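Remember, it's a predicted structure, so these values are computed and weren't measured experimentally. Letters A, B, ... mirror the listed sequences (proteins, then strands); counts begin at 1.
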Amino acid sequence: MDDIFDLDEPFLPEQPSVTPKPKEPAFIHDLNPEQRQAVLTTEGPVLVLSGAGTGKTKVLTTRIAYLISQGFAWPRQILAVTFTNKAAREMKERLESMIGPASYGAWLGTFHAIGVKILRKFPEDVGLTRDFTVLNSDDQERVLKQIMTDAGIDVKRYAPATMLDIIQRWKDRGVMPEAVTAAQNTAYCEGRALSLYQAYQARLQSLNAVDFGDLLLLPLELFKKRPDVLQRYQQQFKYILVDEYQDTNVAQYLWLRLLAQEHRNICCVGDDDQSIYSWRGAEVENILSFKTIYPDALVVRLERNYRSTEHILGCASALIAHNEGRLGKTLKIGKHTDGPAEKVSIRGFWNGMQEAKGIVSDVEQEQLNGRSLSDIAILVRAGFQTRAFEEELIRAGIAYKIIGGFKFYEREEIRDAVAYLRLILNTNDDLSFLRIVNKPRRGIGDQALTAVSAAAKTFKLSLFDAVALAELKPAARKALDAFVQLMKQEREQAADLTPAQVARHILETSGYVDFWRQDKSIEAEGRLENLQELYNVLSDFNTLRDFIEYASLVTDADEQVTADQLVVMTLHASKGLEFGAVYLPGWEEGLFPHQKALDDGGHAALEEERRLAYVGMTRAREKVSISFAANRKVYGQWQNALPSRFIDELPPEHVIDLSDSSLGRHIRPDDVKGFVRTEHFWDSKPIQAFSPAVQSKRVGKRVYHDSFGYGTVIREEGERLEVHFDVSGTKKILAKFLEAV
DNA sequence: GGGTTGCCCGTTTTT
DNA sequence: CGGGCAACCC
């Protein structure tokens with residue numbers, strides 16, 4: 001399916017004997033001068049600072065096409081890494097359309113896919129065998145939880161998810177357990193985080209499994225242990241290209257640094273202003289310090305934006321200018337628009353429901369004006385916001401799709417089905433075994449499984465193989481033998497069947513499909529449909545192994561919006577996309593910037609939130625509509641909020657306030673910049689309808705708190721005051737801890 | 001072994 | 001408010 005997974009290609013290619021041709025290929029002429037420079041400077045380190053909508057994918061693909069077609073390198077001497085499968089696929093397609101089959105054989109894929117490819121070649125050096133499995137986040141948490149429970153840790157107090165996050169951050173930084181320093185250890189889990197990391201890694205190894213972090217970490221380990229292997233890759237990759245460089249973590253940085261050592265032809269494309277994944281381990285520092293690591297690097301700035309109107313660019317630029325420590329780019333308008341552009345609109349609403357109604361009716365108007373639904377997006381900060389829109393869109397009869405949320409491969413029935421397939425392929429897959437051995441119910445309980453694990457431990461076998469040797473009661477013996485027999489039969493037949501046939505057969509004969517047919521819950525029908533969909537997906541693969549590899553790396557259903565429907569998604573998910581009209585609801589303090597981000601990330605997190613706002617606005621070609629609601633139902637309770645400080649950061653000349661006049665003035669050109677706010681936009685009309693807060697002498701007063709600093713009281717509930725702190729956000733505080741100022 | 005109740009917790013999530 | 005999960009009871 002994907003040439004990245006072709007393991008049998010010749011390892012060391014010959015050097016191309018062709019000398020670069022003097023004549024420029026036609027595709028070069030589509031480039032502007034900066035893009036052209038980024039493409040034609042083939043030798044040495046190049047950093048392309050590529051603002052939103054300035055054609056970065058074009059630069060990357062054209063550069064590869066140029067390198068290959070001009071004889072600078074054979075395809076397999078090119079390593080091009082992306083973050084998403086989608087980006088990799090897109091590059092592959094564009095490349096093929098430019099130079100056709102000449103592009104085949106390039107190492108083009110996600111970091112993780114390339115990691116798998118390398119590890120499958122040298123598994124033994126990192127303690128694996130060739131058929132190791134890749135765990136998804138669900139498996140990871142399950143394994144870790146088990147380990148924590150075994151270690152006697154109260155998983156109620158210490159969430160496995162949080163612990164997993166700590167481990168992931170270590171992996172992101174390229175740190176194996178033995179390399180964790182005292183300073184890096186945390187107090188989490190009573191200071192036992194490190195020992196849990198060790199135990200977790202040991203467990204993965206005994207399962208012959210790796211997690212996503214390992215796909216980056218273990219190749220580094222391999223390179224350390226086998227300098228000869230490293231050297232071969234260093235020699236092979238004559239040209240390295242990196243997409244979304246601002247999102248690389250330390251482990252990825254180390255990869256690139258090691259692999260580029262020999263030829264030093266590394267071209268990184270990114271935008272520090274669009275770095276929105278630091279909470280997942282991405283280090284903006286990588287892009288900021290490129291010039292320090294490669295002092296001879298050519299830095300190219302792509303600032304001609306071919307996407308958005310002057311007003312959108314004006315707002316986005318002004319907003320992002322509030323961040324410090326940027327490499328600094330200014331987007332310039334690169335396209336001619338017909339007629340005057342629409343200003344960025346801002347609308348205040350009374351509550352979240354009205355906001356949804358207002359946006360949906362605006363969408364209807366856009367439709368009447370001839371805009372197609374697929375050209376419209378609603379981008380939210382947090383998942384829960386999508387619900388209000390979903391309800392309104394249904395009411396209005398507008399076709400829509402919510403992107404994200406439930407992932408196809410994370411659904412229970414799909415994971416079960418995949419577990420069956422994995423076990424057929426590899427009976428050593430203990431996790432899959434445990435998942436489905438009693439699903440549907442076969443009368444195999446904890447006792448029986450404990451006996452099987454004991455046997456597995458004693459004889460050093462997989463659970464599957466240990467069944468035969470386990471001490472079991474007659475009923476359990478019968479049930480387990482039948483299960484093992486079934487899987488073995490299936491395994492033998494699998495060779496003669498297509499992957500889709502194997503799946504259909506095992507899920508029918510094992511009773512799994514019946515299990516859902518008999519389920520009378522509302523979701524059961526959908527689950528059966530999903531299994532059908534899985535057969536469809538499977539029909540695209542030649543072997544079960546190909547599918548499993550694909551399914552472990554592609555965690556989303558590859559959501560394609562083909563029909564004419566509007567999309568609703570998070571700002572994070574929108575990166576890299578483009579729409580004619582973009583709605584940005586929920587611009588309120590506490591929601592955007594998000595309170596939680598501010599609480600544990602402080603100023604750095606605020607800047608990341610601002611970058612998120614920048615990403616959101618720059619998705620739009622013609623129209624951006626920002627909105628906020630004074631009241632919002634959060635966790636079943638009405639809460640009120642101030643308009644986001646980001647709204648104040650937009651230049652008045654590019655903005656138009658479309659709010660209902662009864663809500664007062666929202667945009668105050670003379671507003672105090674920064675965090676200090678001394679009045680509310682609704683000061684003239686106190687909110688009482690949804691809030692139990694009564695007017696009091698305390699509301700509106702400035703206060704000081706020892707830990708949170710200065711703030712303004714926004715609500716009073718007896719002695720508990722809700723205070724909007726200038727820096728730390730909104731909190732409920734007992735009056736006695738506050739000082740009036 | 002399975003269903004029910006009651007409690008806790010709630011941002012974003014490329015692979 | 002609602003989902004997820006663990007303890008609890010049948």
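The residue among A:Phe83 and A:Glu609 whose nearest nucleotide of DNA chain B is located toward the 5' end is A:Glu609.
Computed from coordinates, the A:Arg611 CZ to B:dT12 P distance equals 18 Å when rounded to whole Å. Between A:Asp599 atom CG and B:dT11 atom C1' the separation is 11 Å, expressed in whole Å. Between the P atom of B:dT11 and the CD atom of A:Glu588 lies a distance of 16 Å, rounded to the nearest Å. Per the geometry, CZ belonging to A:Arg411 stands 13 Å off P belonging to C:dG4, to the nearest Å. Atoms CG (A:Leu584) and P (B:dT12) sit 17 Å apart, rounded to a whole Å. Between the P atom of B:dT15 and the CG atom of A:Asp247 lies a distance of 12 Å, rounded to the nearest Å. Following rounding to the nearest Å, A:Leu119 (CG) and B:dT15 (P) show an atom-to-atom distance of 18 Å. Counting to the nearest Å, the C1' atom of B:dT12 and the CG atom of A:Leu571 are 9 Å from each other.
The A:Lys596 side chain lies nearest to B:dT11 when the options are C:dG2, B:dT15, B:dT11. For A:Thr110, taking side-chain heavy atoms from C-beta onward, the closest of the listed nucleotides B:dG10, B:dT12, B:dT15 is B:dT15. Each of B:dT11, B:dT15, C:dC5 was ranked by its minimum atom distance to the side chain of A:Lys145; first place goes to C:dC5.
A stacked arrangement is assigned to A:His594 and the six-membered base ring of B:dT11, with a centre-to-centre distance below 5.5 Å and an interplanar angle below 30°. Aromatic stacking is not marked for A:Tyr277 over B:dT12, as the cut-offs of 5.5 Å for the centres and 30° for the planes do not both hold.
Counting any heavy atom pair closer than 4.0 Å across all strands shown, A:Gly383 reaches sugar-phosphate atoms only and no base atom. Nucleic acid contact for A:Leu379: none, since no nucleic acid atom lies under 4.0 Å from a heavy atom of the residue.
Regarding contacts with the backbone of B:dT15, every side-chain N or O of A:Arg280 stays at 4.0 angstrom or more from both OP1 and OP2. Note on A:Asn85: a side-chain N or O is less than 4.0 Å away from OP1 or OP2 of B:dT15. Regarding contacts with the backbone of B:dT11, every side-chain N or O of A:Thr570 stays at 4.0 angstrom or more from both OP1 and OP2.
Using a 4.5 Å cut-off on side-chain heavy atoms (C-beta onward), A:Arg435 and A:Arg422 make no contact. For the pair A:Thr133 and A:Asn208, the minimum side-chain heavy-atom distance is 4.5 Å or more.
Heavy atoms of other residues, nucleotides or ligands lying less than 6.0 angstrom from CE of A:Met353 number 12 at most. Residue A:Arg203 places its CZ atom among 12 or fewer non-hydrogen atoms of other residues, nucleotides or ligands, all under 6.0 Å distant.
Minimum interatomic distance between A:Ala597 and A:Ala605 (heavy atoms only, all atoms of both residues): O-CB, 3.2 Å. Here the closest non-hydrogen pair linking A:Leu480 and A:Phe433 is CD2-CZ, 4.3 Å.
The pair A:Asp172-A:Arg280 does not count as a salt bridge, with every side-chain nitrogen at least 4.0 angstrom from each carboxylate oxygen.
Proximity of residues 166-175 of chain A to DNA chain B (heavy atom under 4.0 angstrom from any strand atom) is not detected for any residue.
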